[in-house]
Amino acid sequence: MKVIEINKLNKIYNESEVKVHAVNNVTFDIEEGEFTAIVGPSGSGKTTLLNMIGGLDIPTSGEVMVGGSLMSSLKGADLTDFRLHNIGFVFQAYNLIPVLSAKENTEFVMRLQGKSKKVCDARTKELLKAVGLGERMNARPAKLSGGQQQRVAVARALASKPKFVLADEPTANLDSKSTETLLDIMEKLNREENITFIFSTHDARVVKKARRVITLEDGKILSDVRKNGGE
Amino acid sequence: MITSIAWKNVWRNKSRSLVVIIAVTLGTVAGVFVAGMLNGWVAQRINDVIFTELGHVKIQNPDYLVNEQASHYIANISELEQYLKHSKDVVAYAKRSKIMAMASTARGNSGIMLKGIDIENEKNVSGVYKQLLPGSGSYFEENSRLPLVLISSKTAEQLRLKNYRISNHTTDSLSMLNVPQETISKLTPIKDERFITRKKFESAIKGLWSDSEIRSYGPHLMNTAAYFQPNAKITFSFTKANGQIGYLTCRVSGVFKTSNNLFDQTSAFVNHTDLINAAGLQPDQFHEISVILNPSVKDIDPFIKSSSNQFKNLSFLSWKVLAPDAGLMADFIQVYYYLIMGIIFFALAFGIINTMLMAILERVKELGMLMAIGMKRKQVFSMIMLETIFLTLCGSMVGMVLGGLLIKITEHTGLNFSSVAEGFESVGWAATVYPAIDLSFFFGIIILVVIVAVLSSIIPARKALKLKPIEALRTE
Ligand SMILES: Nc1ncnc2c1ncn2[C@@H]1O[C@H](COP(=O)(O)OP(=O)(O)OP(=O)(O)O)[C@@H](O)[C@H]1O
Ligand SMILES: [Mg+2]
């Protein structure tokens, strides 16, 4: 089943004197359960592409369909609501609310969705254990390492069982050890929960873990490779 | 959940929030206390107006209002009394005969309104009997062949009955107050000399004491050196009912001082029977009736209306009409409180807005992330608004408690403004203020605080709403 269908997607920035064709006529689909890396040099359009898939940015032309519904038909509060219910986000930094504990951060999206405390509680505990933070549930972000913070962000993104999780360079600020741990966790959750992951990266070690690698250059797809059976 | 995040966000930058909270606290304390003072002052004035000077309602012959002549007495008094006795609203009333008189002593004279009262019943209506100056005598209890009269301290001064003398008692009391012996001994040249006016005494003191000594010890010296001539006699002269000149010579029974100089200057009290005998009036001829109403009667006007309907030939006036200054204050005092608080909070709002703007500027990326993951603009808006409300409410709660405590502390001791209040006393406003406040005022403040917080959160919250998630999130 197709989770995401992208058709002739373009993004052109007109702000400066030179036009920047950040995403250039990109077409591809993402199947349910895929674990996809978007790679490419800096400025190749990875962030721009992910933002359009996530409904954070508006394409210049082309379409993004998520679960069969056209993203560009949504606006304002409806779009926010769509993100809330369908997409999990992990950013490079500033993922967590500093005044909330790891547990409260993890259940935040579910609480926004209006899920009951009991449901949130069980799911949060399960996920924090899965990301190896069962013991640090009540710690605030400032008391956690960068890698641990990203793991909380992954737990939050998954908590409400979204259609897919978007992660823009989730490991950019991490050392190699934490990078490996985070990727292993993401991979494990992808398998266990059958949640679709799309993440961008520069890092060759991260690319190795992906089962599908889409390479961008100057906003165009250079290659799209599926590996069988992971590594 | 948004509420709890907002609350936690308040304490994120503790020192910055505390600065605002302290500012709001101080503003609230000041506002509450000033309002308390104003309130106490007005309540006192109203209390004096009603329970010393006027009563709730004054009944007169309308002609007497135009021309204060002895012949304009209340005509159908027994019928009126029946009515008052049976009215559920009336707690007490006092009848008074009144006559304009010239009061004279060997040294001075003064025009005055001589009021003939029922000595015992008058106590139910007017608190003058409680306001006798210590050492000045008693409320009609002196032994005398002559009729007794109660005069005010102001009248005593005008009639030169208030004298000044530096006695042993005076110097003792000064040294008790730790006035330096040197300063006291400067007074020796005028020891035991009698000064019949305050002016003369003051100029004598000016010759002996330095300005700074007068400033520090003068008021106390004035108080302890003053005394009322014992057994003083006053002769009142007036036009009798038959048009001839009548005289009434009285002995001073006591000297009173209320907070209203004007009332004091124009009032002297004698026994009703003494007055009518001298003035040739009949025993049932009275010129005014002061009525005290039940405390449960909140609005006096219905009573006045129905009474006026029954007794069309009489004038019924409420204290609000007779003392318009106090009446106006009673009606508008609430407006003043909220005006004071409003001005204070208006000024504070700028600080609050500034703080919230800073708090948002710091959190641009976090707010972008929140909107990206699915927090609606409405929710972001209410989070910022709640933060502002909590911040403001915190300060004003503490401020209300402190302001309330300050009022509780000063409630009984009062605050003395006599150094600046001579002007106020002359128009009936007390120099010592006993702050007091209604609980309802605090509820009013809370509502005001919420309004101010909501209004001052609009600018910062709008700023937050203008953020676009991707732009806010872009990592540089
Ligand atoms: N808001 C913008 N206005 C103008 N140009 C932009 C804007 N955002 C991105 N670009 C341009 O679009 C192109 C693609 O940028 P994008 O951020 O998507 O690349 P990226 O692959 O994510 O790079 P990196 O690996 O450095 O994160 C770049 O040339 C960039 O300068
Ligand atoms: Mg990028």
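A note on names: the letters A, B, ... follow the listed sequences, proteins ahead of strands, and every chain is numbered from 1.
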Which atoms of [X] are under 4.5 Å from chain B, going by heavy atoms: the side chain, the backbone, both sets, or neither?
X        : answer
A:Gln113 : neither
A:Leu56  : both
A:Leu96  : backbone
A:Phe82  : neither

Taking all non-hydrogen atoms of both residues, which atom of [X] and which atom of [Y] are closest, and how far apart?
X        : Y        : answer
B:Glu366 : A:Ile97  : OE2-CG2, 3.8 Å
A:Tyr94  : B:Met369 : O-CG, 3.2 Å
B:Lys376 : A:Ala77  : CE-O, 4.3 Å
B:Ala372 : A:Phe91  : CB-CZ, 3.6 Å
B:Met371 : A:Arg83  : O-NH2, 2.9 Å

Relative to chain B, which of A:Ile87, A:Asn95, A:Thr47 shows the most heavy atom pairs under 4.5 Å? A:Asn95
Given side chains that start at C-beta, do those of [X] and [Y] come closer than 4.5 Å, heavy atoms only?
X       : Y        : answer
A:Leu84 : B:Ile373 : no
B:Met1  : A:Lys117 : no
B:Ile5  : A:Phe108 : yes

Is the number of heavy atoms from other residues, nucleotides or ligands under 6.0 Å of [X] [atom1] greater than 12?
X        : atom1 : answer
B:Arg462 : CZ    : no
A:Lys220 : NZ    : no
B:Tyr336 : OH    : no

Using 0.5 Å steps for rounding, measure from the CG atom of B:Leu370 to the OG1 atom of A:Thr80. 12.0 Å
Under 4.5 Å, counting heavy-atom pairs only, tell me which of B:Lys468, B:Gln379, B:Met375 racks up the most with chain A.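 Going by pairs under 4.5 Å, I would pick B:Met375.
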